[in-house]
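Let me begin by presenting the structure, written as structure tokens, before commenting on it.
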Amino acid sequence: MLDKNFDPKSFEKNFSFDIEASTRKPDAEPFMVLLPPPNVTGSLHMGHALCFTIQDIVARYKRLKGYDVLFQPGLDHAGIVTQLLVEKQLYANGIKKENLTREALLKEIWLSKENSGAAIINQLKILGISCDFSRLRFTMDEDAKKAVAKMFVKLFDDGLLYRGRRMVNWDPLIGSAISDLEVVEKEIDGHLWHLKYMFADEDGYITVATTRPETLFGDTAVAVNPLDERYKRFVGKEVVVPLTDRKIKIIADKYADPEKGTGAVKITPAHDFNDYEVSFRHKLKVIEIMNAKGEMNENVPEIFQRMDRFKAREKVVELLEKKGLLEKIENIKQKVPFGDRSNVPLEPRITYQWFVNCKKLAEAAIEAVKEGKTRFVPRHWENLYFRWLEEIRPWCVSRQIWWGHRIPAWHGPDGQYFVAENLEEATAKATKFYGKNKVELTQDEDVLDTWFSSGMWPFVTLGWPKETDDLKRFYSKMIVVTGFDIIFFWIARMMMSGLYCMGEVPFPEVYIHGLVRDEKGQKMSKSKGNVINPLSLCEKYGADAVRYALASLSSPGRDVKINERIVETIGRNFLTKLWNVVRFAQMNGCLYNKDFEPKKAVSPITKWIVRQVSQMVSDVEESIEGYRFDEATGHIYRCLWNSFCDWFMEFAKPILQRPSPILTDDKPQEACLRLILLKKEIRDAIAWAIVQFTRVLYPIAPFISKKLSGEMGILDMTWPDIDKNLDFKDDVEEIELLKMIISSVRSTKQCLRLPPSEKINVRLENLGSDIESFVSKYEEILSRMAGIIVGEVAGQTVPVVVNGAIIHMECEGKINIKEEKTRLRNEIAKLKRNREETLSRLMNDDFLSKASEEVVQEHKKRVDEINDRIQKVDYILQNLNVM
RNA sequence: GGGCGCAUAGCUCAGCGGUAGAGCGCUACGUUGACAUCGUAGAGGUCGUAGGUUCGAUCCCUGCUGCGCCCACCA
């Protein structure tokens with residue numbers, strides 16, 4: 001028997017879904033859900049909870065539907081983030097990175113990875129995510145390493161991957177190159193310094209505006225626009241770089257925009273993408289003035305050397321001012337590129353890096369989506385995907401950090417390198433190249449961008465490059481669920497890698513969910529302090545409540561705003577309701593009866609609830625298949641709370657509470673038997689309905705569903721097998737009429753300020769069916785739920801119109817006639833307005849000729865109904881006058 | 001500078017070419033056996049704005065306004 005208090009903690013921990021998650025069904029249709037591997041940098045946040053809940057709903061639903069579901073879990077090594085985190089932890093313990101060897105730092109990171117990984121797995125289990133943990137993979141597994149090396153070599157051999165000296169975005173804090181995607185533009189309050197560049201051979205100067213005065217040591221020209229009349233005559237002249245005695249030329253280049261700054265721009269090829277371009281056109285010298293940490297190097301005057309770039313800026317400005325070379329300072333809003341992980345301003349830097357030429361890969365990825373081989377849900381995300389892939393640039397995949405997949409390339413003593421899957425193969429290549437036996441090879445120091453291995457996740461987890469059975473069975477049969485923020489990082493790359501290595505799209509569908517935000521719609525972040533920890537919510541309200549709330553809030557294409565209160569009011573309250581109704585069922589001895597056949601139900605109320613539940617099941621099915629989890633929870637909610645609890649259980653109560661007759665010889669046997677059978681049918685129907693609820697709810701709230709279906713006597717979870725062709729029309733209509741009568745009486749009582757508990761005599765008129773039999777069936781229900789006694793009435797009455805029927809309520813001395821008259825007049829006025837509107841359409845020839853026949857008929861019917869009602873209400877009004 | 005999304009009740013959001021919906025909140029009333037984490041009833045919206053298409057527009061199209069996001073190497 002269930003406890004009176006609903007306490008999810010008391011049972012959630014008792015359930016493990018490991019067995020169902022790892023059970024394979026070789027004969028069933030395969031379906032895979034690919035869990036986006038969480039970073040091993042700590043714990044799961046609300047975004048994970050949403051993403052994983054959605055996936056788990058799909059996985060569980062498909063399992064119930066009979067598919068062979070592989071829900072593949074994994075963890076991501078998350079190169080830069082993880083290394084930064086561990087370095088920070090070490091630093092807090094007084095250990096500096098500089099004092100550690102590569103091996104020592106890696107050892108520390110692996111340790112951290114083990115801890116974090118274990119914590120994440122534990123959290124996934126608390127959330128009830130039913131992936132197959134026996135198949136847990138890590139992006140730096142031995143197998144994954146081999147696969148990554150394999151693909152790297154393949155790309156290299158196909159000429160799609162190369163090493164080159166290029167200008168890249170450099171993160172001075174991390175000391176590494178990063179990809180374009182890892183650059184975030186931030187608008188900051190900055191200054192525009194107007195500097196005087198003195199002419200070398202005459203008096204006077206040209207004014208150059210810059211936001212980065214410290215880079216002037218790297219200047220190798222000043223550019224003006226060839227069409228700029230102001231500066232035409234200066235082109236070819238020399239100016240002196242301030243604070244130095246170095247002379248540079250004034251050049252004419254269309255890059256200089258007369259509208260911007262002073263129209264004359266300093267050219268610093270080593271530290272600006274545009275200037276680098278300009279330097280090629282004019283064969284300018286390239287002077288690097290900073291090291292990997294963003295400190296000034298030996299190419300600047302002595303006093304600036306080893307100085308941090310921002311410190312140097314201050315110093316430069318100070319000196320310029322002293323020397324009278326600073327014309328003015330303007331305050332401006334400025335966009336500056338920052339590293340998304342380090343959150344420091346980036347420096348463009350010219351270095352050797354490895355690049356993937358994505359052009360061809362991208363074309364295939366675009367094509368596949370255009371052809372519909374992969375579909376985004378919601379569809380409009382495809383635009384974003386196309387736009388990025390169409391303008392794709394070479395992808396810098398090397399990182400100057402230690403944590404990650406080491407680049408599978410080996411360098412010879414002379415700078416020659418050999419790309420190979422392992423040292424043996426590299427040695428073989430080197431031997432061939434050098435033509436002698438012993439060559440000292442050293443592996444490339446760099447590691448790969450994390451997303452290189454993430455992009456291979458769909459097939460690496462299935463065993464690639466081995467041609468495993470799983471790979472054949474599940475590749476391209478999977479779904480990926482993720483946020484739009486990683487469409488470029490991950491989805492696009494999985495498409496490219498997948499098509500490249502497997503020749504087929506990895507997944508036919510990608511479901512893109514919204515971002516989780518706080519109740520004000522703000523992004524959750526540690527700095528704002530508005531982060532909600534899903535695990536503490538689970539602790540407080542249960543994982544089911546969190547999952548249910550997330551599902552019901554996840555409308556397509558919209559962000560999910562959540563706070564603790566929402567979990568409480570949406571999730572926990574609903575589950576409490578379910579818990580309580582099951583408890584009530586238990587008190588009444590309801591247990592699942594496998595012999596109960598819904599379509600053979602006898603009692604109208606049973607037929608009604610069977611109909612409602614059946615409809616709900618097919619609605620939920622449709623919703624989940626369309627990824628409408630908000631609708632799915634809505635259907636379950638309304639059916640359980642409104643139809644089942646508010647109506648059916650109330651209908652059932654009087655029947656259940658009737659004392660069971662004892663069959664003796666002196667009582668009419670048939671009536672007793674009928675009651676016994678009716679009570680049994682009601683109990684069976686209650687248990688049946690509850691079981692259906694737990695089944696449809698199982699994908700969303702698995703713990704409570706399992707618990708409650710167990711209480712009802714069901715151990716195996718399956719999707720409800722519902723008869724979609726039930727013909728209960730007449731009975732369903734009868735119950736709908738009953739409901740309307742009850743509602744109308746309640747409403748009228750409230751209007752008339754009659755206490756709901758007061759029993760009122762009523763007379764029914766024009767019911768449309770046999771009043772006597774209707775009353776005999778529902779007399780008890782009408783009495784309990786509406787507080788009316790059907791029979792004859794005396795004295796003053798208030799008639800209530802329900803559909804075609806009229807309920808005359810006895811109210812002698814109980815009501816205020818004036819108020820009642822006002823109420824009725826208002827009702828008539830409203831009805832008339834309604835009628836006018838409908839009639840005006842029916843009198844419109846265009847409407848009659850152009851609207852569909854169905855719509856026209858509907859309008860005509862509506863007018864008839866309104867007329868009928870007006871007539872009755874008016875009749876009532878007249879009679880009130882007489883009384 | 002391009003592109004995308006959103007605008008519906010006090011709040012959070014569904015919806016839809018044919019008389020506006022839910023949850024929360026609010027108001028009134030109601031509890032001795034499922035549930036106050038509750039029940040019953042009710043108030044509350046000219047569906048952002050201006051045009052257009054249509055017999056009919058909250059829904060489709062266009063402009064505008066406001067908010068949010070993405071992309072882009074500019075001093």
Side-chain angles (χ1 to χ4, degrees), chain A residues 2 4-6 167 169 180 183 185 192-194 208-212 223 255-257 259-268 272-277 332 334-335 337 348 378 380-381 383-384 387-388 391 484-485 487-488 515 519 521 523 541 552-553 555 557-563 565-566 568-570 572-588 628 630-631 634 637-638 645-646 649-650 653 657 742-743 746-751 753-757 785 833-835 837-838 840-841 844-852 854-856 858-859 862 866:
Chain A
L2 291 178
K4 184 162 166 47
N5 292 317
F6 167 55
M167 181 172 272
N169 282 298
D180 298 342
V183 179
E185 297 282 338
L192 193 57
W193 285 275
H194 292 246
V208 169
T210 179
T211 52
R212 308 200 49 195
Y255 163 65
D257 184 346
E259 304 283 313
K260 295 209 169 106
T262 61
V265 59
K266 63 198 243 1
I267 301 296
T268 321
D272 184 285
F273 285 93
N274 290 308
D275 294 4
Y276 194 45
E277 290 294 311
I332 54 159
Q334 183 192 3
K335 286 214 170 148
H380 69 259
W381 291 113
N383 296 334
L384 188 72
R387 212 154 35 73
W388 186 70
E391 288 165 21
F484 62 82
D485 48 335
I487 289 179
F488 304 150
L515 239 53
E519 71 272 19
K523 218 167 161 173
Y541 304 104
S552 62
L553 292 169
S555 310
R558 222 181 240 275
D559 289 342
V560 171
K561 290 179 200 161
I562 199 163
N563 61 16
R565 220 188 115 59
I566 293 172
E568 189 181 344
T569 53
I570 297 185
R572 203 260 316 255
N573 287 4
F574 174 74
L575 299 176
T576 307
K577 188 76 177 175
L578 175 64
W579 179 270
N580 278 311
V581 78
V582 174
R583 201 160 66 86
F584 178 63
Q586 282 190 328
M587 288 170 167
N588 286 280
R628 292 301 305 267
D630 56 333
E631 277 184 357
Y637 180 99
R638 282 189 297 276
C645 293
D646 293 348
M649 291 310 270
E650 295 303 320
K653 274 178 190 172
Q657 285 164 12
I742 293 166
S743 294
R746 282 168 172 171
S747 171
T748 309
K749 277 187 161 182
Q750 185 98 5
C751 277
R753 305 206 181 90
L754 293 169
S757 53
M785 294 180 70
R833 276 201 303 274
N834 217 318
R835 184 177 61 181
E837 200 187 314
T838 317
S840 72
R841 283 194 205 155
N844 184 334
D845 287 341
D846 285 329
F847 174 75
L848 291 173
S849 58
K850 288 179 183 168
S852 74
E854 205 179 324
V855 172
V856 175
E858 241 170 61
H859 277 67
R862 195 184 302 156
I866 296 171

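Model, not experiment: these values are computed from the prediction. Each chain gets a letter, A, B and so on, in the order its sequence line appears, and its residues count up from 1.
- B:G21 sits 32 Å from B:G63 when the P atoms are compared, rounded to a whole Å.
- What separates CH2 of A:Trp388 from P of B:C71 is a distance of 11 Å, to the nearest Å.
- Take A:Arg862 and apply the side chain to side chain donor-acceptor pair (under 3.5 Å) test, not counting sequence neighbours, and it matches no residue.
- When the C1' atom is compared between B:C60 and B:C55, the two are found 16 Å apart, to the nearest whole Å.
- Regarding A:Glu854, its CD atom lies at a distance of 16 Å from the C1' atom of B:G56, rounded to whole Å.
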Scoring nucleotides 12-22 of chain B by protein non-hydrogen atoms under 4.0 Å (B base, S sugar-phosphate only, - none) yields SSSS--BB---
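- A gap of 27 Å separates the P atoms of B:C47 and B:G25, to the nearest Å.
- Toward the 5′ end of RNA chain B lies the nearest nucleotide of A:Ile742, the other residue of the pair A:Asn844 and A:Ile742 mapping further downstream.
- Judged as a salt bridge (charged side-chain N to carboxylate O under 4.0 Å, His left out), and not counting sequence neighbours, the contacts of A:Glu568 are A:Arg572.
- Heavy-atom neighbours of A:Glu185 CD from other residues, nucleotides or ligands within 6.0 Å: above the threshold of 12.
- The separation of B:G44 from B:U27, taken at their P atoms, amounts to 16 Å, rounded to a whole angstrom.
- Looking at residues two or more places apart in sequence or on another chain, you find no salt bridge (charged side-chain N to carboxylate O under 4.0 Å, His left out) involving A:Arg835.
- Going from atom CD1 of A:Ile487 over to atom P of B:C71 covers 11 Å, rounded to whole Å.
- In this entry the distance linking CG of A:Asn563 with C1' of B:C24 reads 11 Å, nearest Å.
- Among residues two or more places apart in sequence or in another chain, the side chain to side chain donor-acceptor pair (under 3.5 Å) test is passed with A:Gln657 by A:Arg784.
- With sequence neighbours excluded, the residues satisfying side chain to side chain donor-acceptor pair (under 3.5 Å) with A:Asp559 are A:Arg517.
- No side-chain donor-acceptor contact under 3.5 Å links A:Ser747 to the backbone of A:Ser743.
- Distance CG (A:Leu384) to C1' (B:A72): 14 Å, rounded to an integer number of Å.
- Closest to the side chain of A:Arg387, from the set B:C70, B:G5, B:C55, is B:C70.
- With sequence neighbours excluded, the residues that form a side chain to side chain donor-acceptor pair (under 3.5 Å) with A:Lys653 are A:Glu650.
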Using a 3.5 Å limit on both pairing distances, list the dot-bracket string of RNA chain B from the 5' end; Watson-Crick and G-U wobble pairs count, crossing pairs take [ ], interstrand pairs take |.
-> (((((((..((((....[..)))).(((((.......))))).....(((((..]....))))))))))))....
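- Atom CZ in A:Arg753 sits about 14 Å away from atom P in B:G42, given to the nearest Å.
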In the 5'-to-3' direction, what one-character label does each nucleotide of nucleotides 26-39 of chain B receive under the scheme B = base within less than 4.0 Å of a protein heavy atom, S = sugar-phosphate only, - = no such atom?
-> --B-----BB-BSS
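- The nearest whole Å value for the distance from the NZ atom in A:Lys335 to the P atom in B:C71 is 11 Å.
- When the P atom is used for both B:G39 and B:U46, the distance is 30 Å, rounded to whole Å.
- Aromatic ring orientation, A:Phe488 versus A:Trp388: parallel (interplanar angle below 30°, classes split at 30° and 60°).
- Every residue was checked against the salt bridge (charged side-chain N to carboxylate O under 4.0 Å, His left out) condition with A:Lys749, not counting sequence neighbours, and none meets it.
- Rounded to whole Å, atom C1' of B:G23 lies 15 Å from atom CG of A:Leu575.
- Nucleotides B:C11 and B:U65 have their C1' atoms positioned 23 Å apart, rounded to a whole Å.
- At a threshold of 4.5 Å between non-hydrogen side-chain atoms, the residues A:Met649 and A:Phe584 count as touching.
- The side-chain contact (heavy atoms from CB on, under 4.5 Å) search around A:Phe847 returns A:Arg841, A:Leu842, A:Asn844, A:Ala851, A:Val855, A:Val856, A:His859, not counting sequence neighbours.
- The salt bridge (charged side-chain N to carboxylate O under 4.0 Å, His left out) test applied to A:Asp180 returns A:Arg393, not counting sequence neighbours.
- A distance of about 11 Å separates the C1' atoms of B:U62 and B:U53, rounded to the whole Å.
- B:A14 and B:G45: their C1' atoms are spaced 15 Å apart (whole Å).
- For A:Thr569 and B:G23, the shortest distance from a side-chain N or O to OP1 or OP2 is not below 4.0 Å.
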